[in-house]
Amino acid sequence: MSVPAPGAIDCDIHPALPGMQALVPYLDEYWRAHILMRGLERDNYTASAFPPNAPINCRPDWKPAKGSAGTDLELLRAQALDGFGTRYAICNVLHGAPAVFSEDLSAAMCRAINDWLAAEWLSKDDRLRASIVVPMHSPELAAKEIERMAADPRFVQVLVWEMGELPLGRRIHWPIYRAAERLDLPIGIHAGSSYRHPPTNLGWPSYYLEDYVSWSTGFAGVLNSLITEGVFVEFPRLKVVLMESGVTWLPGWMWRADKTWRGVRAEVPWLEKSPAAYAREHVRLTVQPFDAPPRADQLQRIIEEIGSDEMLLFSTDYPHWHFDDKDALPDGLPEHLLRKLLVDNALKTFPRLSP
Amino acid sequence: MNVAVIDRQPDISSQTKLGIVDCDIHPYTKSPADLDQFLSERWRKMRASIGGRSRSPFANAPNYPRMSPFTGMRMDSYPKDGTHPGSDLGMMQEQLLDLFNVSYGLMMPLLGRGADERNVEFGAAMATAANEWEAQVWCDREPRLKAGVQIPLEYTEAAIKEIEKRAGDRRFTHVMIPPRGLEPLGRRRYWPILEACAANGFSIALHLGGTSGHPSTGGGWPSFYHEEHPSYPQSKEALVTSLVIEGVFEHIPNLRVALVEGGFAWLPSLTWRLDKHYKRLREEVPHLKRLPSEYIRSNIWVTTQPIEEPERPEDLLATCEWIGWDRIMFSTDYPHWDQDDPRYAFKAPLTEQQKRMVFRENALAFYGLE
Amino acid sequence: MARHVVAPASEIAPGKSKIVDVAGRSIGVFNVNGEFFALINRCPHEGAPLCIGFVLGRFTADRPGEYRLERHGEMLRCPWHGWEFDIKTGQSWCHPESVKARTYQVEVVPGEALAKGPFVAETVPVSVEQNYVVVEL
Ligand code: FES
């Protein structure tokens, strides 16, 4: 179904970097010279987790005449913002910068992306908000970048990929969470991988379709890690937002994680509650692509199993192609959930959206 | 979690009277030397000297220490002579086969480690030895136990030879593959082995395990068993995705697959997700002629353990219905710590018909028993 | 409701336990630092013989990585799936309000008092010099 009334908060849209060239003006003097010397501005460092022309990543009627989907501000305004009557939309740039192996080069590119985003997108439309892109494999530099960008209230979240070098719960990442919690920034964990490891524990699949399907299993691993390591015990105000991998896998994950916890919790005695309880309190999920069951009664049951109407957030995942026309909302969601999902849950999750 | 105080006596309930089929039992050796009688001199020496070498850091221990001794056995399963749980037939009969009136028990031995041995010739010898040991030490003494053919997964010729050798031997009902091999099981390099299974009338039982060398999550190695144990379902999801999307069931339509020790509540959502994204990316996989859900429905079965325990017990019944009651087979995983008791595993009541299917008939049909 | 003599108190030393059959029930009697407690020998989860499990302390942590062991000898870990139970209350660690192992009243009674009855002491010979563990059910 379509969005019933204007004013929704879209928690996942993807403006795209047209190319590294666009970053050159936003690099500091040192890194500009460095990058030009190596000719890196000619290689786009597009994230291989999101081939821009794969049908799932680019809805045909959302593709500009020139360039990749998501590169055209006017089109994005008309389609993603006006099109759904959106009050705020959170921009998540899925560029390869965070996957660059050198921590320093990666950090320089992330800084440039954040500044580019502020100048060329956020400043041109009041409805746009954004996530801070960070080099997750360099917690110190990532925390520094969070501090720097947090001065701009339009940045409302930190953006990381679900699959990087180390499971996201590992203590080495905690400086990032400490900064984010203090600055009222949720951690937005987006589908995708920097491919330090195969996306499945069986190894490397052949097809992109398999990778894409594996994003949800990656999220199960992310939750196991964040909860087990005690991230939410250490940072009780921290929220994480899982983006672009559906929601119907959640009940099965909860049942299984809780089952393990009942017998194995002595290994990680800081957990005072079951994994599902931590998830309901700290984890949010954007709804597109919605992995809907075929029948309405099945969806109804799954919503009940999730057991909280605060976890789901509206998203279009613009310009990725998961639905046609204006049908950004899955059919069959209960009325009380819809209202919260479209606006209230986002306002609670992102304190920086409320002035 | 609802109140679950059991102050009732163990009822010899109807699933037990049925004569159940247990789709996951782990026999162990009393000592690793038990396999020596089935090894040639060369490999006996190898076993005793360098020993097995997998793709993991510890020679004789799993990556993630378990929460009870003997790498996580239920603590009332230690034989009196101090040997390994699961190594004593009398005890297995008393605690499992006789107690629950088991008609057939499908063995999934986790020893020999032939499947993921890096020295593939040694792996082939160990697989053969483990198969002889299963047949002679277990099946011949207890005909209710059925053996799984172990194979060296990365040594195709030897694997096929072993499958062909066991074909027609009624003691062997399935080929057992630990799915964490070097690559996802659906990749073409494994097709000749999968073809041989189907051609020789074997179902394949994909019991979790294997040492692929790849981390248990796409984001790296977890720290705790508390993360590793709930990562098994993700391994199964990757497995189903691989088998279906790589086109295995299009290529070998009569291949029948049982997923062992991954629970099953993850399957409906995976099915919906596969169908949804397939529709968008089908041009990439033109070898598929049907929806992913259709291949799953026709070629894949699940076993129950470790059974999921929803907050509302009846939710599990809905999950079973979505998968199809005819695709679900009961398993205990004896003698592991996370094994299930057939009397109490399901916390919501099954109908008599559902019990018959899950505890007995589905597995009889799947493994071609009786 | 009857009171069953299950053992001389001296037979179950602190930190030890004894599994006894009382009126057709298997029951574990535990001596926790000199105090006696009794639990049903069936786990509320899947029915394992709960009372043969390890007796442990309570593993806790104030924050991740800061481990603490407290209340030595007061917790019982199920021999199957490892759920932990408070021996004194039967409460499970994971769901203390809703999942409990059944507990029974226990007292230590001098032999003289037993002579007066009413007690059931089928299997334990009673003498006046000793104290006895008595379980009520
Ligand atoms: S039977 Fe005791 S924890 Fe499962």
Side-chain angles (χ1 to χ4, degrees), chain A residues 54-56 162-168 170 193 196-210 212-214 216-218 220-222 224-225 228-229 246 248-249 251-253 255-261 263-268 276 289 291-294 298 301 305 307 321, chain B residues 1 67 179-187 212 214-227 229-231 233-235 237-239 241-242 245-246 263 265-270 272-274 276-278 280-281 283-285 306 308-312 315-316 318-319 322 337-338:
Chain A
I56 204 162
E162 56 170 329
M163 299 181 195
E165 284 184 5
L166 292 170
L168 290 179
R170 290 282 303 270
S193 177
R196 300 300 199 262
H197 315 285
T200 82
N201 65 19
L202 306 181
W204 298 96
S206 306
Y207 303 106
Y208 182 56
L209 170 54
E210 293 174 83
Y212 201 90
V213 167
S214 80
S216 322
T217 56
V222 165
N224 290 336
S225 174
T228 298
E229 300 264 6
T248 63
W249 54 270
W253 170 83
W255 304 342
R256 178 56 194 255
D258 281 11
K259 177 166 172 132
T260 295
W261 169 75
V264 181
R265 71 101 215 153
E267 187 189 25
V268 284
D291 42 1
Q298 293 172 314
R301 183 178 283 273
E305 289 169 352
W321 187 17
Chain B
M1 170 104 211
M67 298 302 283
R180 276 172 85 172
L182 284 183
E183 296 200 53
L185 193 64
R187 298 262 296 168
S212 60
H214 308 304
S216 348
T217 84
W221 293 100
S223 309
F224 298 99
Y225 184 53
H226 191 269
E227 300 161 78
H229 191 252
S231 79
Q234 290 113 61
S235 199
E237 291 183 67
L239 187 56
T241 303
S242 175
I245 301 301
E246 307 263 352
W266 47 269
L267 184 54
S269 170
L270 174 68
W272 305 332
R273 191 157 81 241
L274 277 166
K276 179 177 173 81
H277 300 324
Y278 166 71
R280 197 63 81 219
L281 291 169
E283 278 167 31
E284 191 194 21
V285 285
E308 279 88 353
E309 297 175 40
E311 289 151 300
R312 306 184 307 178
D315 284 331
L316 197 66
T319 302
W322 300 345
W337 74 272
D338 49 352

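Residue numbers start from 1 in every chain, and the chains themselves are labelled A, B, ... in the order their sequence lines are given, proteins ahead of strands.
A:Ser225 and B:Glu227 make their closest contact through CA-OE1, 3.2 Å (heavy atoms, listed as atom of the first residue, atom of the second, distance). Here the closest non-hydrogen pair linking A:Gly252 and B:Ala265 is CA-CB, 4.2 Å. Taking both residues in full, the closest heavy atoms of A:His197 and B:Gly219 are given as CD2-C, 3.7 Å, listed atom of the first, atom of the second, then distance. Closest non-hydrogen pair, B:Ser235 versus A:Leu202, comes out as OG-CD2, 3.8 Å. Between A:Thr248 and B:Ser269 the shortest heavy-atom distance is OG1-OG, 2.9 Å. A pairwise comparison of heavy atoms in A:Met163 and B:Gly218 identifies CB-O, 3.4 Å as the closest pair.
Note that CG of A:Asp291 is 8.0 Å distant from CH2 of B:Trp272, once rounded to the nearest 0.5 Å. For the atom pair CZ (A:Arg301) and CG (B:Asp315), the distance works out to 5.0 Å, reported to the nearest 0.5 Å. Distance check: A:Tyr212 OH to B:Arg273 CZ gives 11.0 Å after rounding to the nearest 0.5 Å. Here the straight-line distance linking atom CG of A:Leu166 with atom OG of B:Ser223 works out to 8.5 Å at 0.5 Å rounding. The distance from the CD atom of B:Gln234 to the OG1 atom of A:Thr200 is 11.0 Å, given to the nearest 0.5 Å. Considering OG1 of A:Thr260 and CE of B:Met67, their distance stands at 11.0 Å, rounded to 0.5 Å.
Top candidate by heavy-atom pairs under 4.5 Å with chain A, chosen from B:Leu316, B:Val285, B:Thr217, is B:Val285. For the options A:Ala220, A:Gly307, A:Ser193, heavy-atom pairs under 4.5 Å to chain B are most numerous at A:Ala220. Residue with the most contacts toward chain A among B:Glu308, B:Glu183, B:Arg312: B:Arg312 (heavy-atom pairs, distance under 4.5 Å). When each of A:Ser216, A:Ala257, A:Ser214 is scored by its heavy-atom pairs under 4.5 Å with chain B, the top score falls to A:Ser216. Contacts with chain A were tallied for B:Glu284, B:His229, B:His226; B:His226 has the most, counting heavy-atom pairs under 4.5 Å. In terms of heavy-atom pairs under 4.5 angstrom with chain A, the leader among B:Gly263, B:Pro222, B:Pro215, B:Ser231 is B:Pro215. For the set A:Ala276, A:Ala54, A:Pro55, A:Pro293, the count of heavy-atom pairs under 4.5 angstrom toward chain B peaks at A:Pro293.
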Check the pair B:Tyr225 / A:Thr228 against side chain to side chain contact (heavy atoms under 4.5 Å, CB included), numbers first and verdict last.
CA-CA 9 Å; B:Tyr225 184 53; A:Thr228 298; over 6 Å; no

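Proximity to chain B involves both the backbone and the side chain of A:Val213, based on heavy atoms less than 4.5 angstrom apart. For chain A, the nearby parts of B:Pro306 are the backbone and the side chain; heavy atoms of each come within less than 4.5 Å. Using a 4.5 Å cut-off between heavy atoms, B:Trp221 contacts chain A through its backbone alone, with no side-chain atom that close. Heavy-atom distances place the backbone of A:Pro199, and not its side chain, under 4.5 Å from chain B. Looking at A:Ala266, the atoms closer than 4.5 Å to chain B (heavy atoms on both sides) sit in the backbone and in the side chain alike. For B:Ser212, the part lying under 4.5 angstrom from a heavy atom of chain A is the side chain only. In this structure, chain A has a heavy atom under 4.5 Å from the backbone of B:Leu182, while its side chain stays farther away.
Geometric assessment of B:Arg280 against the ring of A:Trp321 yields a positive cation-pi assignment under the 6.0 Å and 45° thresholds.
With contacts defined as side-chain heavy-atom distances shorter than 4.5 Å, the pair A:Ile56/B:His277 qualifies. Using a 4.5 Å heavy-atom cutoff, the side chains of B:Arg180 and A:Asn201 are in contact. Using a 4.5 Å cut-off on side-chain heavy atoms (C-beta onward), A:Val264 and B:Trp337 make contact. Side-chain atoms of B:Phe224 and A:Glu267, non-hydrogen and from C-beta on, do get closer than 4.5 Å to each other. By the 4.5 Å heavy-atom criterion applied to side chains, A:Ser206 and B:Arg187 are counted as neighbours. Residues B:Leu281 and A:Tyr207 have side chains not in contact (no heavy-atom distance under 4.5 Å, counting atoms from C-beta outward).
A donor and an acceptor atom, one from each side chain of A:Glu210 and B:Thr241, are nowhere located under 3.5 Å apart.
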